[in-house]
2 protein chains.
Amino acid sequence: MSRETTDIRQEQIKKAVLDIIADEGLQNISTRNLAKRIGLSEGAIFRHFPTKRDIIKGIMDDVANDLIGSLRNIVLKPEKAEDKLFKYLCQNVKYLKENRGITMLLFSEAAHLGDKELKEKLNHILYEQKQFIIKMVKDGIKEGVWDKSVNAEDVAIIYMGIPITFNIEFVLNKNGLNADNFCRRMYTLILKILKN
Amino acid sequence: MSRETTDIRQEQIKKAVLDIIADEGLQNISTRNLAKRIGLSEGAIFRHFPTKRDIIKGIMDDVANDLIGSLRNIVLKPEKAEDKLFKYLCQNVKYLKENRGITMLLFSEAAHLGDKELKEKLNHILYEQKQFIIKMVKDGIKEGVWDKSVNAEDVAIIYMGIPITFNIEFVLNKNGLNADNFCRRMYTLILKILKN
DNA sequence: TACGTTAGTAAGTAAGTGATTACAACATTA
DNA sequence: TAATGTTGTAATCACTTACTTACTAACGTA
């Protein structure tokens, strides 16, 4: 194999993990299989990451940056809360659809527990998302378009279930879900909760 | 170890799986650890279940019977849709809280894919639950108390996220969730979607 | 061109996995 | 009571896991 820098190899390794999850399933992300997919020896993997757990950690950090970053952009834009919430939901669903492997990885780590640091990272990702929702709901209330008796945190909780359910449906029934259509329909329901 | 019938051992083994998941994490349900927890040799496990996968299958069948059965009871009772939906949600959340291990097991199997039969079983469990919701929503519309322009299937989808989100929150943040309070708050939101 | 650093390999390691074996002790029933 | 089937054990199977070792080859730079 030709030589590449650690930076490039790290990206390749992380990508390989997600690719394997998406088309072979979570149980196949062994370091052996990982190396095979990149076309590298198993030992080389450990040249670029000290442990397998560090690979997972790296992927989680990427999610925290990419997904949370793109969602933050939407939240901070100077638009009407109503428009932002819709874009936010669609972006959220789209990201999960395009990065199927990531969600499954996150949930698996949550399910397996055992690792406090990874659990904490997941918690942080979910917490930030929830805060974004809460902010948008409160903004909409301030704008006067939404019911001020509504509990923003409760809305955030019920919202959080939408992308998760989408992902589960998507995993179990790969072909039968249109992301755009899905987010529009769910947004309609959320709006009924929020409207005066 | 004293002799017991296969029926008793099967129950012990399935219980041990859930106990281990709940307090050691999913990664520790090896046949070795399973045997140790029951106080049996590893070989004895395979005396009562042909393979480890059959243990998981057995647990899934239990869920299909217990949870789906108890929910069906609620759905079929001759009460007002409004009351049934509330009881349904509370029962659903309560079951997940009391059987934390089961949910994690189901999601892990979904995430790991690979096994068509288990995936099909999970799909079936989720499908039945969704059908129950759809029925109750349509009943409520027939009763004239709920908005007939609302799409029952969409409500079912957004509903499904609630117990799932509850479970995730519960796993990540064990102490901080009151099931009764949670289901009451979520029910309030669902009602806003349904009301005329 | 020499030299230290980086990135690669093949072949290991110990520990763990699900599953099987040969055999012993017990229970049921003919 | 003798025969038979059931439930247990200890040891071991073949295999996979994450990770390590000893060593080699390419790179940048002085």
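In what follows, chains are A, B, ... by sequence order, proteins preceding strands, each numbered from 1.
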Starting at atom [atom1] of [X], determine the distance to atom [atom2] of [N], rounded to an integer number of angstrom.
{"X": "B/Ile56", "N": "C/dT17", "atom1": "CD1", "atom2": "C1'", "answer": "14 Å"}
{"X": "B/Glu42", "N": "D/dG8", "atom1": "CD", "atom2": "P", "answer": "15 Å"}
{"X": "B/Phe49", "N": "C/dG18", "atom1": "CZ", "atom2": "C1'", "answer": "15 Å"}
{"X": "B/Arg3", "N": "C/dC26", "atom1": "CZ", "atom2": "C1'", "answer": "5 Å"}
{"X": "A/Arg47", "N": "D/dT20", "atom1": "CZ", "atom2": "P", "answer": "12 Å"}
{"X": "A/Phe46", "N": "C/dT13", "atom1": "CZ", "atom2": "P", "answer": "17 Å"}
{"X": "B/Ile45", "N": "D/dT9", "atom1": "CD1", "atom2": "P", "answer": "10 Å"}
{"X": "A/Leu34", "N": "D/dT16", "atom1": "CG", "atom2": "P", "answer": "17 Å"}

Applying a 4.0 Å non-hydrogen cut-off, can you work out what [X] is touching in the nucleic acid: base, sugar-phosphate, or nothing?
{"X": "B/Ile55", "value": "nothing"}
{"X": "B/Ser30", "value": "sugar-phosphate"}
{"X": "B/Ile8", "value": "nothing"}

Testing B/Asp62, B/Asp7, B/Asp61, B/Asp66 one by one against B/Lys14 for a salt bridge (Lys or Arg N to Asp or Glu O under 4.0 Å), which residue passes?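 The option that passes is B/Asp62.
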Run the ring-ring contact (aromatic ring centres under 6.0 Å, His included) test on A/Tyr159 and A/Tyr88 for me, step by step, so that the C-alpha distance in whole Å, both residues' side-chain angles and the decisive distance to 0.1 Å come before the verdict. CA-CA 11 Å; A/Tyr159 169 93; A/Tyr88 186 98; 5.7 Å; yes
Using heavy-atom distances to pick each residue's nearest nucleotide on DNA chain D, tell me which of A/Thr31 and B/Glu4 is more 5'.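 That would be B/Glu4.
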Compare side-chain N and O positions of A/Ser2 against OP1 and OP2 of C/dG8 and report whether any pair is under 4.0 Å apart.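 For A/Ser2, the contact criterion (side-chain N or O under 4.0 Å from OP1 or OP2 of C/dG8) is not met.
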Just N and O in the side chain of A/His48: are any of them under 4.0 Å from OP1 or OP2 of C/dG8?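 Looking at the OP1 and OP2 atoms of C/dG8, one of them is under 4.0 Å from a side-chain N or O of A/His48.
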Test item: side-chain donor near acceptor, A/Ser149 and A/Asp147, under 3.5 Å: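 Short answer, yes.
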Side chain of B/Thr5 only, please: which of C/dT9, D/dA18, D/dT7 is the nearest?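 The answer is D/dT7, which lies nearest to the side chain.
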Short question: side chain of A/Lys84, backbone of A/Lys77 - any donor-acceptor pair under 3.5 Å?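 The answer is yes, because a donor-acceptor pair under 3.5 Å joins these two groups.
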Flag yes if B/Ile134 and B/Ile125 sit in one hydrophobic cluster, no otherwise; membership is Ile, Leu, Val, Met, Phe, Trp, Tyr, and two members link when side-chain heavy atoms are under 4.5 Å apart.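 Shared cluster, no.
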Between C/dG16 and B/Arg32, counting only base atoms on the nucleotide and side-chain atoms on the residue, is there a donor-acceptor pair under 3.5 Å?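 Counting by modelled atom types and ignoring angles, no donor-acceptor contact under 3.5 Å is found here.
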